[in-house]
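Report on the following structure.
Note that ligands are numbered from 1 as they come in the structure, with each ligand's atoms numbered from 1 the same way. The analysis underlying the following values was restricted to heavy atoms, covering all of them including side chains, and did not include hydrogens, waters or symmetry mates.
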Amino acid sequence: MAAFGSVFMPQMALTRFEQGAWSTPQIVPADSISLHPGAHVLHYASTCFEGLKAFKHSDGSINLFRMEKNVARLIQSSELLSLPQPDAATLSQMIIDIVRQYASDVPEPPGSMYIRPTHIGTEAAIGKAAAPTATSMLYVLLSPVGDYFAGGSKPLRLLLEQNGARCAAHMGMVKSGGNYASALQPILKARASVQADQVLFCPGGDVQETGAANFLLIDGNEIITKALDSSFLHGVTRDSVLTLARDMGMIVSERELSVAELLERAAKPGTEAALSGTAAVLTPVGTLIADGVEHKVGSGEAGPATLKLRQALNDIQWGKASDKHGWLTRI
Ligand SMILES: Cc1ncc(COP(=O)(O)O)c(C=O)c1O
């Protein structure tokens with residue numbers, strides 16, 4: 001299987017915002033758009049996107065996972081970036097239409113169709129550094145993906161970054177390209193210096209998230225993760241895993257978690273940690289590196305609670321367990 005997200009379906013769904021209104025969505029070739037070199041997005045980063053998946057069940061049906069949540073987050077990101085407001089019903093229909101078109105290309109589990117709605121400011125206006133774009137483009141790209149764990153789910157090594165932040169504090173809840181650009185140098189340095197897989201951003205000792213996933217600590221029957229605020233992305237997988245944890249009778253603590261508490265709890269034998277995200281699902285974390293010292297999380301291996309929660313989530317996505325929270329949209 002090719003690298004995650006490097007293969008695209010040849011067509012996408014697209015609508016444009018021009019003269020104050022959205023055009024009727026169309027299905028167009030995925031490589032058909034052109035942009036003026038002065039487009040707002042290319043200079044002032046007026047861009048946001050989403051990532052969700054469609055799953056094929058054994059009865060052949062295609063099912064979108066928590067589409068409403070992703071649509072709502074794209075609308076929220078658009079608002080916080082002063083982009084035109086997409087319409088939830090229209091965007092949902094665009095997603096359904098393009099996935100239906102490629103229903104036969106949705107891979108069997110453990111693969112899926114990764115869906116990437118993207119919204120960009122298109123106005124050719126390099127004088128608008130402090131003004132919103134008047135025009136935009138919203139499109140839905142599709143990329144068939146395999147199992148993220150194809151190389152085995154080896155527990156990750158995370159470098160704890162206690163000085164720098166992933167992005168500006170008020171931008172964390174916006175799923176915008178600039179935040180990923182901002183996190184890239186710390187991630188590359190962490191890879192080169194301590195062979196870390198990811199950076200866990202903990203500005204001032206506040207445990208937030210990694211470059212592309214949320215962070216969960218599991219200590220016995222309790223699952224601890226940062227309470228929602230504007231500083232980090234409100235992951236749909238995070239919300240789903242916490243819901244499943246509650247269903248299993250676990251105590252869910254959404255609150256501040258300091259690096260000191262994290263390291264203290266990680267030193268206990270049964271402690272587990274994991275990253276949650278649409279791509280990673282729930283990936284175990286085995287090692288935390290803080291101030292040049294390596295700390296194992298519990299045994300340093302994938303723990304039973306992490307594997308059980310991941311299985312419970314996959315079972316719903318793959319249609320092997322009942323969808324009691326109504327998370328799937330069958331199309
Ligand atoms: C910065 C960041 N945090 C968290 C997540 C997890 O979000 P979700 O579970 O909605 O995929 C992502 C995933 O895209 C992300 O990029």
Side-chain angles (χ1 to χ4, degrees), residues 4-5 45 47-55 64-77 80-81 91 95 112-119 141 143 145 148-149 156 158-159 161 164-187 190 197-203 206-217 223 225-245 252 254 257 273-285 306 309-310 312-314 316-317 325 327-328:
F4 189 98
T47 167
C48 55
F49 64 94
E50 271 307 322
L52 66 156
K53 283 174 172 172
F55 297 92
L64 301 166
F65 185 71
R66 303 201 76 178
M67 173 175 67
E68 301 80 5
K69 277 254 179 205
N70 292 91
V71 166
R73 195 168 65 186
L74 189 92
I75 291 172
Q76 176 180 273
S77 293
L80 294 170
L81 291 164
L91 176 55
I95 293 171
S112 59
M113 186 67 87
Y114 184 81
I115 305 162
R116 174 55 65 92
T118 308
H119 190 191
L141 269 176
S143 174
V145 294
Y148 207 68
F149 297 102
L156 301 178
L158 304 186
L159 175 70
E161 169 58 66
R166 173 178 171 255
C167 60
H170 66 291
M171 288 296 289
M173 66 192 283
V174 184
K175 198 162 168 67
S176 186
N179 289 345
Y180 296 83
S182 149
L184 199 48
Q185 279 285 306
I187 293 170
D197 297 296
Q198 273 292 340
V199 172
L200 178 57
F201 291 95
C202 313
D206 172 33
V207 179
Q208 296 186 335
E209 64 176 337
T210 64
N214 294 120
F215 179 80
L216 308 172
L217 180 69
I223 182 160
T225 193
K226 186 173 168 62
L228 298 180
D229 69 14
S230 64
S231 70
F232 74 105
L233 197 75
H234 303 176
V236 176
T237 315
R238 171 191 177 282
D239 182 79
S240 308
V241 168
L242 295 185
T243 302
L244 294 174
V252 174
E254 293 181 74
L257 174 65
L275 297 186
S276 72
T278 297
V281 189
L282 202 56
T283 308
V285 172
T306 302
L309 285 163
R310 188 172 87 194
L313 183 60
N314 277 334
I316 293 175
Q317 293 172 329
H325 296 286
W327 286 342
L328 299 177

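Under a 4.0 Å heavy-atom criterion, R73 is in contact with ligand 1. Residue-ligand proximity: K175 is placed with a non-hydrogen atom under 4.0 Å from ligand 1. Ligand 1 has no atom lying under 4.0 Å from any heavy atom of G51. Distances shorter than 4.0 angstrom do not occur between any heavy atom of F232 and any atom of ligand 1. Within the structure, ligand 1 lacks G172 among the residues with a heavy atom less than 4.0 angstrom away.
Ring centers of F232 and F201: at least 6.0 Å apart, outside the cut-off.
The ring-ring contact (aromatic ring centres under 6.0 Å, His included) with Y114 is formed by just one residue from the set F49, F65, F55, F4; it is F4.
Nearest protein heavy-atom contact of atom 9 (O) of ligand 1 is T237 OG1, 2.6 Å. For atom 7 (O) of ligand 1, the nearest protein heavy atom (residue, atom name, distance) is G235 CA, 3.4 Å.
Using modelled atom types, one side-chain atom of N214 and one backbone atom of G235 make a donor-acceptor pair closer than 3.5 Å. For the pair K175 (side chain) and S77 (backbone), a donor-acceptor distance under 3.5 Å is absent. Within the 3.5 Å criterion, the main-chain N or O of D229 finds a donor-acceptor partner in the side chain of H234.
Every atom of ligand 1 with a heavy atom of R166 under 4.0 Å away is listed here by number and element: 1 (C). Interface of G277 with ligand 1, defined as ligand atoms under 4.0 Å from a residue heavy atom, comprises 6 (C), 9 (O), 11 (O).
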